[in-house]
Amino acid sequence: MSRWPWSARHGAGDDVRTRVVPWAVVSPLVVVGVVALLQVLTDGGPTLSDLLAALAGGIVAGVLLLVLALQSAVRLDVEGRRQQEALDAALRQALHDPLTDLGNRQLFTDRLQHALARRSSGACAVLYLDLDGFKGVNDTHGHAVGDIVLVEVSNRLRAAVRPEDTVARFGGDEFAVLCEDLADELNASRIAERVVNSIADRPIEFGGGRRLVITPSVGIALARDEADASKLLRRADAALYRAKEGGKARSELFDERMQAQAVDTLQTEDDLAAAVAEGQLRLHYQPIVDLRDGHVTGVEALLRWQHPHRGLLQPAEFVPLAERSGLIVDIGKWVIDEAWRTLEHWYSTIEDCRLTIAVNVSRRQLANAELLDAVASSQPTGPAGGALLVEVSEELLVADANAGFSTLHALRMMGVRVAVDDFGAGVSSLAHLQSMPIDHVKVDRHFVAGLGRRRQDEAVVAGIIGMAKNMGVGVVAEGVESSDQLAALKRLGCDSAQGFLLGRPSPDVRDVIDLPALESRARTEPPRSVVVR
């Protein structure tokens, strides 16, 4: 249906105008015709005065009809415009980031799919970037300053790329740029260089003239023959990860070497997802020994993966991947369940048992609310429920102080003990340590390795031990591999230690603790200490 020309905007009132207004215009003539016909049928024909009267009445009726129609049309236009504006706003909100007004992941992916489908001779590239150390900005200065940084970075990104390029924010400090019709990969690298320089060259100012230097890392993926948006994004993400490994504040182009690694990583991720369900994960146990009398106080549970084709894998070979993929949450729950199961067995069969099991907690687990649920869901009642020791690295606590402290406080309220792992390697101060909800510190193996050889390392270890003892916190030295190190630790007053000298990790806890003897004595003799075999 054609639109009524009086409408300033094709709105909902057009139908009213199209159908009603023409009738209002011709209605006076219709009235005259009807009156004339009736008079012909009744008394032989109308007079001029009768026709003029009928015409006047018809005009009045037509004007009234026209006014009512136009008023209704205006009301419908206003309502229709409001509905359209609300629809436009909802659509924009669904496809744009509310903070920066950049497109979001959905919009970016849609445009990338269209770009891949229509590209001809020109290349198409995705730049995937995030801000180096941005989490520290939020932790140190607050989220309001973090938002200022994100908005400024968004503005600089828009200015650094071409007008036809699409810039999007995926969430947090992650951004992406879609570049179409590029001549070659060199062209994409130049755009990435402009992006890095636009953010890193000038500090970002915030309240009171304060400044922050922010640097980005950029991964570049160039579309060649494939037309798969998700694959291109994964490649750009892999290149970003390589850029960060290479020193940050730089860009990296995805190449065939990364392709092979990406395929291997994807396969490993698929295998790891099935590892928990298929029972491929293992715990190896290393004893923790009391240096005052040489007795075992507990064990540290160390994660291993018995891969069906690659053999026994160490944590360094799969834990970082589990962190990035989020699988570490399920793996961590399995480790905690196994630790609780073992503790419950020990405390039900050994009289006056005081053994502990220490488990490591990663960044992803600490930030995930499910950690507390994982601990609570299988925590045994009685003394066994207080024999789990959660180890968190010092670096992790410093980097994520607010979230970490609250989680660790909650764990201690549940009866779980807390230790700071690799202490001395991070940047925490005495004041920081005093605020930590901890029971033990574990001296970093780097300083233990220098005992008996470097006086400065002995001074650091002595300082850590003295500081911890003044606070009523236990001290465990890790990585003890020589008798000189052991003698130095005893001389300095360290409480406990672990390392190859005292016992190597074993898949059978009976290799590091004489459990059968303990259980037998528990039935026939008063309880004794647990000794290293």
Side-chain angles (χ1 to χ4, degrees), residues 268 271-272 274-290 295-323 327-347 349-350 353 355-362 365 374-375 378 384 387-393 416-417 419 421-422 440 442-445 448-449 476-481 486 496-519 530-533:
T268 303
D271 293 345
L272 187 56
V276 177
E278 297 179 4
Q280 298 172 11
L281 297 180
R282 303 284 186 270
L283 288 182
H284 285 204
Y285 301 92
Q286 186 173 34
I288 300 173
V289 178
D290 189 326
H295 292 84
V296 173
T297 60
V299 296
E300 181 176 359
L302 304 171
L303 182 63
R304 303 289 187 266
W305 179 11
Q306 188 65 52
H307 194 281
H309 306 298
R310 298 165 59 186
L312 190 67
L313 302 183
Q314 299 294 317
E317 298 178 80
F318 63 92
V319 167
L321 175 61
E323 280 273 0
L327 291 170
I328 194 67
V329 175
D330 291 334
I331 293 174
K333 184 179 186 308
W334 177 85
V335 171
I336 291 171
D337 287 344
E338 284 293 299
W340 281 136
R341 184 183 60 79
T342 302
L343 286 169
E344 190 169 24
H345 171 71
W346 287 353
Y347 278 74
T349 57
I350 301 173
C353 181
L355 295 171
T356 63
I357 294 182
V359 298
N360 291 281
V361 174
S362 67
Q365 291 173 271
V375 170
S378 52
L388 183 69
L389 181 69
V390 168
E391 295 187 1
V392 184
S393 71
V416 175
R417 308 180 201 184
D421 200 8
D422 303 326
H440 303 275
K442 299 188 73 173
V443 182
D444 184 70
R445 64 181 62 244
V448 174
V476 181
E478 52 186 352
V480 179
E481 298 182 359
L486 185 61
S496 305
Q498 65 184 99
F500 288 171
L501 180 69
L502 302 171
R504 291 179 175 271
S506 171
D508 190 343
V509 73
R510 291 173 297 183
D511 291 340
V512 297
I513 301 176
D514 195 351
L515 290 177
L518 269 179
E519 294 167 356
V530 186
V531 297
V532 181
R533 295 187 63 179

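Just so it is clear, the model here is predicted, and its values are computed rather than measured.
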Open item on the list: I need the H440 NE2 to S496 OG distance, nearest 0.5 Å.
Closed with: 7.5 Å
TODO: Please round to the nearest 0.5 Å and tell me the distance separating atom CG of L281 and atom CZ of F318.
DONE: 6.5 Å
Task: Minimum heavy-atom distance T356-W346, with the two atoms named - done: O-CZ3, 4.2 Å
TODO: Determine whether I331 and L272 make a side-chain contact, defined as any pair of heavy atoms from C-beta on separated by less than 4.5 Å.
DONE: yes
Task: Distance-only donor-acceptor check, side chains D290 and T297, under 3.5 Å - done: no
TODO: Could you tell me the separation between the CZ atom of R504 and the CG atom of D511, rounded to the nearest 0.5 Å?
DONE: 13.0 Å
Open item on the list: Taking the side chain as everything from C-beta on, heavy atoms only, tell me whether W305 gets closer than 4.5 Å to Q280.
Closed with: yes
- [ ] Taking the side chain as every heavy atom from C-beta outward, state whether P507 and H284 have any pair of such atoms under 4.5 Å apart.
- [x] yes
Task: Nearest heavy-atom neighbours spanning S362 and I328 - done: OG-CG1, 3.4 Å
- [ ] Measure the spacing between CD of Q314 and CG of L302 and express it to the nearest 0.5 Å.
- [x] 9.0 Å
Task: Heavy-atom pair with the smallest gap, counting every atom of P320 and P315 - done: CD-O, 3.6 Å
TODO: Of all the heavy-atom pairs spanning V448 and A477, show the shortest one and how long it is.
DONE: CG2-CB, 4.0 Å
- [ ] With sequence neighbours excluded, tell me which residues meet side-chain hydrogen bond (donor to acceptor under 3.5 Å, both in side chains) with R445.
- [x] none
TODO: Apply side chain to side chain contact (heavy atoms under 4.5 Å, CB included) to R341 and list each qualifying residue two or more places apart in sequence or on a separate chain.
DONE: E338
Open item on the list: Does any part of the side chain of R417, heavy atoms only, come nearer than 4.5 Å to the side chain of V390, both counted from C-beta?
Closed with: no
Open item on the list: Within the 3.5 Å criterion, strictly below it, is a donor on Q286 or Q498 matched to an acceptor on the partner's side chain?
Closed with: yes
Open item on the list: Salt bridge check, K442 against E300: does any charged N sit closer than 4.0 Å to a carboxylate O?
Closed with: yes
TODO: Evaluate the side-chain proximity of D421 to V392: yes if any heavy-atom separation is below 4.5 Å, no if none is.
DONE: no
Task: Verdict with reasoning, V296 to I288, per side chain to side chain contact (heavy atoms under 4.5 Å, CB included) - done: CA-CA 6 Å; V296 173; I288 300 173; 5.9 Å; no
Open item on the list: Nearest 0.5 Å, please: how far is CG in L388 from CH2 in W340?
Closed with: 4.5 Å
TODO: Apply the test side chain to side chain contact (heavy atoms under 4.5 Å, CB included) to residues H307 and D271: give CA-CA distance (whole Å), side-chain angles for both, the deciding distance (0.1 Å), then the verdict.
DONE: CA-CA 8 Å; H307 194 281; D271 293 345; 3.1 Å; yes
Task: Heavy-atom closest contact (A301 atom, N360 atom, distance) - done: O-ND2, 4.3 Å
Task: Worked check of side chain to side chain contact (heavy atoms under 4.5 Å, CB included) between T268 and R310 - done: CA-CA 10 Å; T268 303; R310 298 165 59 186; 3.4 Å; yes
Task: All salt bridge (charged side-chain N to carboxylate O under 4.0 Å, His left out) counterparts of D330, not counting sequence neighbours - done: none
Task: 4.5 Å side-chain heavy-atom contact, P308 and E278 - done: no
Open item on the list: If you compare all heavy atoms of V359 against all heavy atoms of A339, which two are closest, and at what distance to 0.1 Å?
Closed with: CG1-CB, 4.0 Å
Open item on the list: Is the shortest side-chain heavy-atom distance between L389 and I357 below 4.5 Å?
Closed with: no
Task: Point-to-point distance, once rounded to the nearest 0.5 Å, from OH of Y347 to OG1 of T342 - done: 12.5 Å
